[in-house]
Amino acid sequence: MLGHSPGTPYTETVTQISPPLSDSPDYLQRLNPEQRTAIETTDGPLLVLAGAGTGKTRVLTTRFAHILLSGRARPNQILAVTFTNKAAREMRERVGALLGTPVEGLWLGTFHALCARMLRRHAEYVGLTSGFSILDTDDQLRLLKQVMEPYRIDTKRWPPQGILGVIQRWKDRGLTPARVTPAEDSDFAGGKCCAIYTDYQTRLAQLNACDFGDLMLHMTEIMRTHPDVLAQYHRFFRYILVDEYQDTNTIQYLWLRLLAQRDGQPANICCVGDDDQSIYSWRGAEVENILRFERDFPGAAVVRLERNYRSTVQILGAASGLIAHNDGRLGKTLRPGRDDAAGEKVRVVSVWDSDDEARLVGEEIERVRAGGHSLSEIAILVRAGFQTRAFEERLITLGIPYRVVGGLRFYERAEIRDALAYMRVMNQPADDLAFERIINVPRRGIGAAAMQKFHLAARERQMPLAAAVMDLIARNELKGRAREQMTALMSCLARGREALPREGHVVVVETLLEESGYIDMWKADTSPEAPGRLDNLKELVRALADFESLAGFLEHVALVMENEENAGAERASIMTLHGAKGLEFDTVFLPGWEEGVFPSQRTLDEGGLKGLEEERRLAYVGITRARHRAIISHAANRRIYGNWQSAIPSRFIDELPAEHVTVTGAASQARQRGHGHAPVFATAFPIMARRPRVTDVPDGGATSSERGIAVGSRVFHQKFGYGTVSSKDGNRLEVAFEKAGLKRVLDTFVEKTS
């Protein structure tokens with residue numbers, strides 16, 4: 001048995017595992033040999049590579065209890081770190097159950113909670129007092145805007161949210177203002193970001209406050225620069241336990257390494273994680289942290305938990321074969337831990353288009369539900385949030401209860417509600433509620449005083465809010481920037497209404513979102529959520545193509561949003577693959593396995609090979625959520641703004657071992673795909689849809705050729721100003737504007753100038 005006396009470093013990689021002894025405690029008897037080794041290797045650095053469904057939480061909590069029950073440490077001498085408060089509560093409860101009594105005085109919690117506790121003891125080292133405040137996001141933004149005022153930064157180009165995001169990413173990488181290099185500071189806000197960061201930190205100290213990122217940054221800096229504080233924690237903590245180590249970012253890694261590495265003493269740190277499930281690089285996670293564990297802690301023991309108690313042989317075989325294509329991994333192979341883990345092969349189904357895909361999933365859910373399958377054990381796991389719309393609408397049509405886990409339903413998302421409000425105002429100018437929503441989104445400098453003036457005018461003149469604004473403009477009662485911005489908005493809406501019968505609602509809505517500045521607002525947003533919001537807006541425009549008119553679409557949306565869920569009923573789950581980590585279901589649907597969708601084209605463009613390997617880990621996570629049944633689907637065609645484009649099956653389908661997969665479907669060319677097509681969704685927003693054929697063209701509907709607009713012509717646009725036509729496709733122009741840059745616009749929205 002691999003057990004060692006307290007204080008003796010364990011410095012060899014575990015390769016042999018002894019069977020459990022009959023006289024060992026009851027809590028060890030119920031473990032498999034690998035789990036038991038991970039628990040009893042108590043001294044020295046230990047990395048536990050815990051594959052999906054291998055009992056990671058059980059090992060971590062039992063190890064915690066074992067250290068206490070064997071007398072190696074008291075409760076307050078163990079530092080246990082988790083990523084969520086839920087995981088911390090679960091570990092506390094399980095440890096208490098194993099010990100038979102609640103445990104007090106534990107240093108058990110999330111990285112930030114533990115650092116906040118430490119920082120209150122040492123706040124004076126960073127110019128704070130122990131009663132410091134922790135600002136929420138709203139307070140951070142308010143403070144940052146105050147700091148930015150003297151710098152006179154163009155907040156349209158460099159919004160405060162984006163600058164705050166840059167500052168938080170620096171903090172996550174352990175960079176104080178003094179450590180930010182000029183090269184780091186050159187990409188945002190004209191090289192002024194570091195100066196803003198410096199002033200922001202100064203103001204925080206003056207307010208005796210810190211933000212969320214400061215909790216770890218301050219404590220890491222204190223331990224770096226005050227050896228006596230670090231030595232105190234070295235004496236204090238005899239053992240360190242870390243959950244989900246593959247998800248740690250740079251500052252978390254630095255903080256842990258400072259606490260664990262001690263001169264001349266063993267590093268009693270146990271990190272549990274799975275390099276094959278590292279899927280959060282967009283949140284700052286560094287898979288390299290777990291890959292270099294043995295270099296950071298020479299002589300570390302490594303235990304691989306490979307017995308999966310969740311999934312069937314076929315599911316595990318498919319997942320293991322797929323992930324084996326990654327080079328950046330420590331290596332392990334999942335095998336079934338249950339005797340009843342035979343099961344059916346993973347199904348790969350090809351369908352004609354996304355509508356067929358939604359029908360396939362709906363029909364399969366109905367079939368298994370009729371056979372007694374619980375809806376709560378069914379999940380649809382998508383790569384991106386925009387994919388949920390088709391499945392939501394299909395499940396509503398079939399009357400199948402569902403929930404969107406970890407997010408809002410498609411039509412409830414803020415960006416979708418904003419876009420719908422623009423459509424409603426264009427369709428019905430008297431819709432005051434919709435007009436109020438869009439009047440300052442994006443920001444047009446319309447404050448509370450201006451809004452009060454608009455409402456007063458509407459009441460006095462007994463007219464809708466939009467009409468009242470137009471009247472104020474006509475009477476010259478609106479001045480300055482408010483007049484300029486509202487004139488532009490009202491003109492944009494009017495042009496859209498005029499173009500509807502000629503251009504069709506798909507083209508007009510897309511143009512409206514572009515010309516109103518709404519799309520540019522999200523393009524300028526540097527938050528991790530912004531690209532997903534743009535994808536959702538693309539999906540919304542795609543949905544428009546299914547309806548003959550804008551009014552018909554808006555009526556459909558109203559009926560869909562009226563569909564209320566029964567909170568007490570069983571419901572199928574729809575969620576993203578990122579949101580599914582840690583969960584499991586009997587049946588899992590994995591739709592949209594096409595190049596450009598999954599793997600994501602954006603991830604490939606930004607991350608290259610590293611991005612591809614993370615996408616493959618995400619596919620591995622998706623497959624291993626299934627206990628009994630995994631169904632992968634891909635469409636041969638996708639409709640992009642009313643235009644059909646062929647889609648290529650994901651490369652991940654080819655990487656699934658044939659012996660664990662059944663391929664079916666009318667378009668089953670998954671293993672004979674070509675390589676000459678453009679990836680789906682690879683193009684930037686917007687792609688102009690083909691306008692519908694119109695038999696009756698209103699007066700004034702002359703084409704650009706008839707109006708003398710050709711490539712090289714000088715044109716004027718009411719929003720974008722002057723520019724030169726660089727290319728044209730029918731009635732669609734690409735114009736290089738002097739101030740707004742390259743834009744795609746309709747020819748009817750520009751005037752030729754000399």
Side-chain angles (χ1 to χ4, degrees), residues 349 351-369 375 378-421 423-424 427 505-506 509-510 532-533 535-566 569-576 579 587-594 597 631 633-635 637-644 647 680-681 689:
V349 185
V351 295
W352 179 248
D353 58 26
S354 54
D355 293 337
D356 277 350
E357 188 173 54
R359 280 193 290 272
L360 163 77
V361 171
E363 289 168 4
E364 186 68 17
I365 291 176
E366 281 193 312
R367 186 183 69 79
V368 297
R369 185 188 187 188
L375 282 178
I378 296 174
I380 303 170
L381 308 183
V382 297
R383 172 61 183 87
F386 73 86
Q387 293 174 264
T388 69
R389 183 194 63 84
F391 299 105
E392 289 185 57
E393 296 202 359
R394 188 61 188 166
L395 296 184
I396 288 171
T397 301
L398 296 173
I400 297 174
Y402 73 93
R403 60 176 181 158
V404 177
V405 180
L408 297 170
R409 294 180 178 222
F410 184 80
Y411 291 114
E412 294 171 350
R413 294 164 185 165
E415 66 277 12
I416 300 302
R417 284 184 175 271
D418 289 342
L420 288 171
M423 296 182 212
R424 285 166 54 191
N427 183 64
H505 59 290
V506 178
V509 167
E510 184 182 4
R533 293 186 190 275
D535 283 341
N536 291 339
L537 291 167
K538 290 181 183 182
E539 178 64 21
L540 180 67
V541 175
R542 177 185 298 123
L544 280 165
D546 293 335
F547 297 84
E548 292 184 0
S549 68
L550 180 60
F553 173 72
L554 291 172
E555 181 177 319
H556 165 77
V557 171
L559 294 173
V560 167
M561 293 178 72
E562 191 64 26
N563 181 69
E564 295 183 2
E565 64 180 72
N566 182 353
E570 282 190 347
R571 290 169 288 161
S573 297
I574 304 176
M575 68 187 81
T576 63
T587 297
V588 168
F589 294 93
L590 299 161
W593 280 41
E594 298 139 25
V597 179
I631 302 170
S633 58
H634 66 94
N637 303 277
R638 289 277 172 187
R639 185 160 51 193
I640 311 297
Y641 305 118
N643 302 329
W644 287 102
V680 182
F681 307 139

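Quick note: residue numbers are just sequence positions, from 1.
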[atom1] of [X] to [atom2] of [Y]: how many Å apart, nearest 0.5 Å?
{"X": "Leu550", "Y": "Glu555", "atom1": "CG", "atom2": "CD", "answer": "12.0 Å"}
{"X": "Phe410", "Y": "Ile416", "atom1": "CZ", "atom2": "CD1", "answer": "3.5 Å"}
{"X": "Leu360", "Y": "Arg394", "atom1": "CG", "atom2": "CZ", "answer": "10.5 Å"}
{"X": "Ser549", "Y": "Leu544", "atom1": "OG", "atom2": "CG", "answer": "10.0 Å"}
{"X": "Asp535", "Y": "Leu540", "atom1": "CG", "atom2": "CG", "answer": "12.5 Å"}
{"X": "Glu594", "Y": "Asn637", "atom1": "CD", "atom2": "CG", "answer": "9.5 Å"}

Run the salt bridge (charged side-chain N to carboxylate O under 4.0 Å, His left out) test against [X] and tell me which residues pass, sequence neighbours left out.
{"X": "Arg424", "value": "Asp431"}
{"X": "Arg369", "value": "none"}
{"X": "Arg533", "value": "Glu415"}
{"X": "Glu392", "value": "none"}

Going by distance alone, is a donor N or O of one side chain under 3.5 Å from an acceptor N or O of the other, for Thr388 and Arg413? yes
Does a donor on one side chain and an acceptor on the other come within less than 3.5 Å for Arg417 and Tyr411?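 Side chains of Arg417 and Tyr411: no pair found under 3.5 Å.
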Could I get the full list of side-chain contact (heavy atoms from CB on, under 4.5 Å) partners for [X], not counting sequence neighbours?
{"X": "Ser573", "result": "Ala379, Arg403, Val405, Met575, Phe585"}
{"X": "Asp418", "result": "Arg437, Val441, Tyr518"}
{"X": "Glu366", "result": "Leu398, Ile400"}
{"X": "Ala390", "result": "Ala358"}

Can you name the residues that form a side chain to side chain donor-acceptor pair (under 3.5 Å) with Gln387, not counting sequence neighbours? none
Where do [X] and [Y] come nearest, in terms of heavy atoms and distance?
{"X": "Ser633", "Y": "Pro591", "value": "OG-CA, 3.2 Å"}
{"X": "Thr576", "Y": "Ala384", "value": "CG2-C, 4.4 Å"}
{"X": "Ala647", "Y": "Ala635", "value": "CB-O, 3.4 Å"}
{"X": "Asp353", "Y": "Asp356", "value": "OD1-N, 2.8 Å"}
{"X": "Val597", "Y": "Gly592", "value": "CG1-O, 3.3 Å"}

Quick check: do [X] and [Y] have side-chain heavy atoms less than 4.5 Å from each other?
{"X": "Tyr402", "Y": "Arg409", "result": "yes"}
{"X": "Leu395", "Y": "Ile380", "result": "yes"}
{"X": "Met423", "Y": "Phe553", "result": "yes"}

Would Leu420 and Val557 count as a side-chain contact (heavy atoms from CB on, under 4.5 Å) if you check the C-alpha gap in whole Å, the side-chain angles of each, and the deciding distance to 0.1 Å? CA-CA 9 Å; Leu420 288 171; Val557 171; 3.7 Å; yes
Do Val382 and Phe391 pass the side-chain contact (heavy atoms from CB on, under 4.5 Å) test, and can you show the C-alpha distance, the side-chain angles, and the key distance before you say yes or no? CA-CA 10 Å; Val382 297; Phe391 299 105; 4.3 Å; yes
Could you walk me through whether Thr587 and Ile365 satisfy the side-chain contact (heavy atoms from CB on, under 4.5 Å) test, starting with their C-alpha distance in whole Å, then the side-chain angles of each, then the deciding distance to 0.1 Å, before giving a yes or no? CA-CA 9 Å; Thr587 297; Ile365 291 176; over 6 Å; no
Do the side chain of His556 and the main chain of Ala551 share a donor and acceptor less than 3.5 angstrom apart? no
Hey, mind stepping through Ile631 and Val349 against side-chain contact (heavy atoms from CB on, under 4.5 Å) and telling me if it holds? CA-CA 7 Å; Ile631 302 170; Val349 185; 4.2 Å; yes
Salt bridge flag under 4.0 Å for residues Glu393 and Arg389: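 A salt bridge links Glu393 with Arg389.
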